A.B. asks: 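Structure incoming, see below.
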Amino acid sequence: MTQQKADIIISGNAVFTGLSDKPEPAFIAIIGNKIVAIGSEEHIKPYSGEQTKTYRFDDQLIMPGFHDFHLHVMQSALSLMSVDLFSARSEKEALRMITDFAGANPGNPWVIGFTWDAGYWDNQQLPDRYSLDRILPNRPAIMFHAEGHYAWVNSKALEIANINRDTEDPSYGIIGKDENGEPNGILYEKAMALVTNHAYDFTKEQKREMFNNFLDHAASLGVTAMHDLYATESLAILDDFELLKEFEDQGRLTTRIHLWPALNGDLQRAKELQKTYQSEKLKVAGLKQFIDGVVTSRTAYMLEPYADQPENRGDTSFSPETIKKWVADADKEGFSIRFHAIGDGAIRLALDAYEEAQKMNGVRDSRHAIEHIEVIHPDDIHRFKELGVTASMQPDHFAMSERGVYTDRIGDEREKFVFAINTLQKAGARLAFGTDCPIDVLNPLLQIYRAVTRIDSSGNDVWHLHERISLSEALKAYTSGSAYGTFRENELGTLEEGKFADIVVLKQNLFDIPAEDIPNTGVELTIADGNVVYEDLKETVNP
């Protein structure tokens, strides 16, 4: 019997399969969309044929494709075509960046921006609508805060959304007001939807272009699988599952997308979506909801009041009773559930809801998850392993907040348990990493860098040295950890015979370079589902 020939053979001195802690020399044979063999040159030789495309690498790292466990697809696509304000160090600088962007994009009806953070500004004061009005008097503008839970808008945006001094706050949302009772241009949580309903009025063709750009960007970063999580009503109106299906049907979907629509009590809709989207490349993986907000705006739900606001401990987006009922009902139907929970009160409520569901419905392999886990009470750390809950974390997030501002909010005692990645892992929690793009950029290596260094926002200090994890642990959290988190450990996450050929080749071996060089390591080759979707190579050698 003649050996079937490989479509692609890829080899190198540094292959990180994810099955051990160090890369080793290896050859990988791919037929169709699967890895059919992995081993020595002698072992792979019979797979080589005239039509086989062969890639030979030296010490570049070959590893499983990155699997981003938490992002927002269409929001991320939009952010690539918007102004990024993260580097601004004052309101004046942010306004200059917005002015430049608006001038360069005169055809955009709305001026949209992302990732400003007044915590990094010289005065640390929230901006207002009037400063935006000075540069954009007649063009509506919305700028999302770095954490995505509040936005800065101008008067034109408020006018279009019909927001005035008499407009009532939506449930779990606040329209910021000045001392005269007029809207000040800051919209919190669900109040953002009043404006995004108008700002996100894109045509199908505009969405196609945005999504196509996003796929190219993901491929260039080695991201071969991702999880598209429900992102509040104000942001979810941009979502378009049918568009993703259109790309899949046309053979243009170059990354696997796992969909997580809203956990909101409507299980009938959830089941219908699950039936509609269930392919190897586009599938409903479970349901997601928010329990709280974020620390910097003091909307994260805490067990004890904020250190700098003793009358406030944040709030839950829905009543604990509603959250627990939704979980019990969805769990009974076999859905995996994921909760945004940043404060220690929110994390405990999520764990309590999962525990009560187990008591009501029986223990099963549910793989529920908690997202972010920024400030955890030490008594809850062991519960992740006991309840089989995945710790879904984004390590670069602790460097996205100005550390002093963050600590002022929660106080020194709770600060000891901020982003307790290593502590959770040591206690038996399974880690899965992602970016939460567009809250952060899509580059996985930035998350890896923070996980192994714990360098804080200053770029100099280490935020809890004992919470560092090893490079191999970080890479596994971004590959096999994410695959396990969605029941795909037999298909994805490691380089093994029989698994899908989702592979990335980095320009350097991360195990051999200084940690500070990790974020800037480029990608040479991305293979997704057996297809080369990105390459930046000097040469390809064919036998």
Side-chain angles (χ1 to χ4, degrees), residues 70-83 108-115 139-145 147-154 156-163 167-175 186-214 226-247 257-266 268-270 272-273 276-277 282 284 287-290 293-294 299 317-318 338 340 371 436-439:
H70 183 133
L71 53 71
H72 312 288
V73 165
M74 292 307 293
Q75 277 285 112
S76 300
L78 174 61
S79 73
L80 294 177
M81 304 170 77
S82 306
V83 57
N108 295 10
W110 282 75
V111 181
I112 298 173
F114 287 86
T115 57
R139 228 168 132 190
I142 179 166
M143 305 292 144
F144 295 96
H145 181 264
E147 290 177 302
H149 287 252
Y150 45 111
W152 171 26
V153 300
N154 65 353
K156 190 68 180 174
L158 293 171
E159 178 193 319
I160 289 170
N162 204 20
I163 297 172
T167 307
E168 290 188 14
D169 288 339
S171 66
Y172 201 69
I174 299 168
I175 298 165
I186 301 292
L187 304 173
Y188 297 89
E189 303 295 348
K190 289 186 180 177
M192 292 188 293
L194 302 172
V195 169
T196 54
N197 283 335
H198 301 275
Y200 284 178
D201 185 20
F202 295 105
T203 66
K204 201 76 165 176
E205 195 46 52
Q206 286 172 315
K207 285 185 176 182
R208 281 190 192 101
E209 184 188 349
M210 281 160 47
F211 183 52
N212 196 53
N213 288 344
F214 174 70
M226 56 182 62
H227 291 246
D228 183 21
L229 273 66
Y230 166 73
T232 76
E233 287 154 36
S234 54
L235 308 181
I237 58 165
L238 190 59
D239 288 345
D240 191 336
F241 294 174
E242 288 175 13
L243 177 70
L244 312 187
K245 182 81 168 67
E246 175 191 302
F247 270 69
I257 300 182
H258 303 84
L259 303 170
W260 295 79
L263 172 75
N264 57 11
D266 187 353
Q268 192 53 45
R269 177 175 182 267
E272 285 164 13
L273 287 170
T276 306
Y277 304 100
L282 183 63
V284 167
L287 303 172
K288 188 251 183 172
Q289 192 48 267
F290 288 77
V294 292
T299 52
S317 52
F318 303 94
R338 295 167 69 172
H340 166 115
E371 309 301 309
D436 200 8
C437 188
I439 303 305

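No experiment lies behind these values; they were computed from the predicted model shown. Residue indices begin at 1 and follow the sequence shown. All values below were derived from every heavy atom in this structure, side-chain atoms included, with hydrogens, water molecules and symmetry-related copies excluded.
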A.B. asks: Closest approach of S76 and P438, non-hydrogen atoms and distance?
C.D. replies: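 Smallest heavy-atom distance, with atoms named: OG-N, 3.4 Å.
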A.B. asks: Between E371 and H340, does any side-chain donor sit less than 3.5 Å from a side-chain acceptor?
C.D. replies: no
A.B. asks: Taking side-chain hydrogen bond (donor to acceptor under 3.5 Å, both in side chains) as the definition, give me every residue that meets it alongside T232, ordered by chain and number, with sequence neighbours left out.
C.D. replies: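 side-chain hydrogen bond (donor to acceptor under 3.5 Å, both in side chains) list for T232, sorted by chain: S234.
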A.B. asks: For a 4.5 angstrom cut-off between non-hydrogen side-chain atoms, does M74 reach L243?
C.D. replies: yes
A.B. asks: Is a donor on one side and an acceptor on the other found under 3.5 Å between the side chain of N213 and the backbone of A77?
C.D. replies: no
A.B. asks: Could you state the interatomic distance from CD1 (I112) to CE (M143), rounded to the nearest 0.5 Å?
C.D. replies: 8.0 Å
A.B. asks: Donor-acceptor check, side chain of E189 to backbone of Y172, threshold 3.5 angstrom: yes or no?
C.D. replies: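 No, the answer is negative, given that no donor and acceptor are paired below the 3.5 Å cut-off.
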A.B. asks: Quick one: pull up CD1 in I174 and OG1 in T299 and give me the separation to the nearest 0.5 Å.
C.D. replies: 8.0 Å
A.B. asks: Kindly say whether A193 contributes a backbone atom to a donor-acceptor pair with the side chain of N197 at under 3.5 angstrom?
C.D. replies: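 Yes, the answer is positive, given that a donor and an acceptor are paired below the 3.5 Å cut-off.
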A.B. asks: Go through the steps for E246 and D240 under the test side chain to side chain contact (heavy atoms under 4.5 Å, CB included), then give the verdict.
C.D. replies: CA-CA 10 Å; E246 175 191 302; D240 191 336; over 6 Å; no
A.B. asks: Is a side-chain donor-acceptor pair under 3.5 Å present for H227 with R338?
C.D. replies: yes
A.B. asks: Does the side chain of D169 come within less than 4.5 Å of K190's, by heavy atoms?
C.D. replies: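 No, side chains not in contact.
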A.B. asks: Between E242 and K245, does any side-chain N to carboxylate O distance fall below 4.0 Å?
C.D. replies: no
A.B. asks: Does the Lys NZ or Arg CZ of K288 fall within the cation-pi geometry relative to F290 - under 6.0 Å from the ring centre and within 45° of the axis?
C.D. replies: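 Ring-cation test returns yes.
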A.B. asks: For a quick test of reading the model, state the closest non-hydrogen atom pair linking P140 to K156 and the distance between them.
C.D. replies: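 The pair with the smallest heavy-atom distance is N-CG, 3.7 Å.
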A.B. asks: Looking at D266 and R269, would you say the former's side chain and the latter's main chain have a donor-acceptor pair under 3.5 Å?
C.D. replies: yes
A.B. asks: Do I175 and I163 pass the side chain to side chain contact (heavy atoms under 4.5 Å, CB included) test, and can you show the C-alpha distance, the side-chain angles, and the key distance before you say yes or no?
C.D. replies: CA-CA 9 Å; I175 298 165; I163 297 172; 3.9 Å; yes
A.B. asks: Using modelled atom types only, decide if a donor and an acceptor are shared between the side chain of D228 and the backbone of L259 within a distance under 3.5 Å.
C.D. replies: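 No, the answer is negative, given that no donor and acceptor are paired below the 3.5 Å cut-off.
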A.B. asks: Are side-chain heavy atoms of L187 and V153 found at a separation under 4.5 Å?
C.D. replies: yes
A.B. asks: What's the shortest heavy-atom distance between H70 and L229, and which atoms?
C.D. replies: ND1-CD2, 3.4 Å
A.B. asks: Walk me through whether F144 and F114 qualify under side chain to side chain contact (heavy atoms under 4.5 Å, CB included).
C.D. replies: CA-CA 5 Å; F144 295 96; F114 287 86; 3.6 Å; yes
A.B. asks: When you compare the side chain of L78 with that of Y200, does any pair of heavy atoms fall below 4.5 Å?
C.D. replies: yes
A.B. asks: Looking only at non-hydrogen atoms, find the nearest pair between E272 and T276 and report the distance.
C.D. replies: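 The answer is O-OG1, 2.9 Å.
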A.B. asks: How many angstroms lie between OG in S79 and CZ in F214, if you round to the nearest 0.5 Å?
C.D. replies: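 The OG atom of S79 sits 8.0 Å away from the CZ atom of F214.
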A.B. asks: Nearest heavy-atom pair of Q75 and L238: which atoms, and what distance?
C.D. replies: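 Distance-wise, the nearest heavy atoms are OE1-CD2, 3.7 Å.
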A.B. asks: Give a yes or no on whether the backbone of Y188 and the side-chain of H149 come within a donor-acceptor separation of less than 3.5 Å.
C.D. replies: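 Checking the backbone N and O of Y188 against the side chain of H149, no donor-acceptor pair under 3.5 Å is found.
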A.B. asks: Dump the intermediate steps for side chain to side chain contact (heavy atoms under 4.5 Å, CB included) on R208 and F247, then the final yes or no.
C.D. replies: CA-CA 9 Å; R208 281 190 192 101; F247 270 69; 4.2 Å; yes
A.B. asks: So do the side chains of I186 and W152 get within less than 4.5 Å of each other, counting heavy atoms only?
C.D. replies: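 Sidechains of W152 and I186: in contact.
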A.B. asks: Do W110 and V195 have side-chain heavy atoms sitting under 4.5 Å apart?
C.D. replies: yes
A.B. asks: Answer yes or no: is there a donor N or O on one side and an acceptor on the other, between the side chain of H258 and the main chain of M226, under 3.5 Å?
C.D. replies: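 Such a contact is found between H258 side chain and M226 backbone.
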A.B. asks: Show the nearest heavy-atom pair for residues H72 and Y230, with the distance to one decimal.
C.D. replies: CE1-O, 4.1 Å
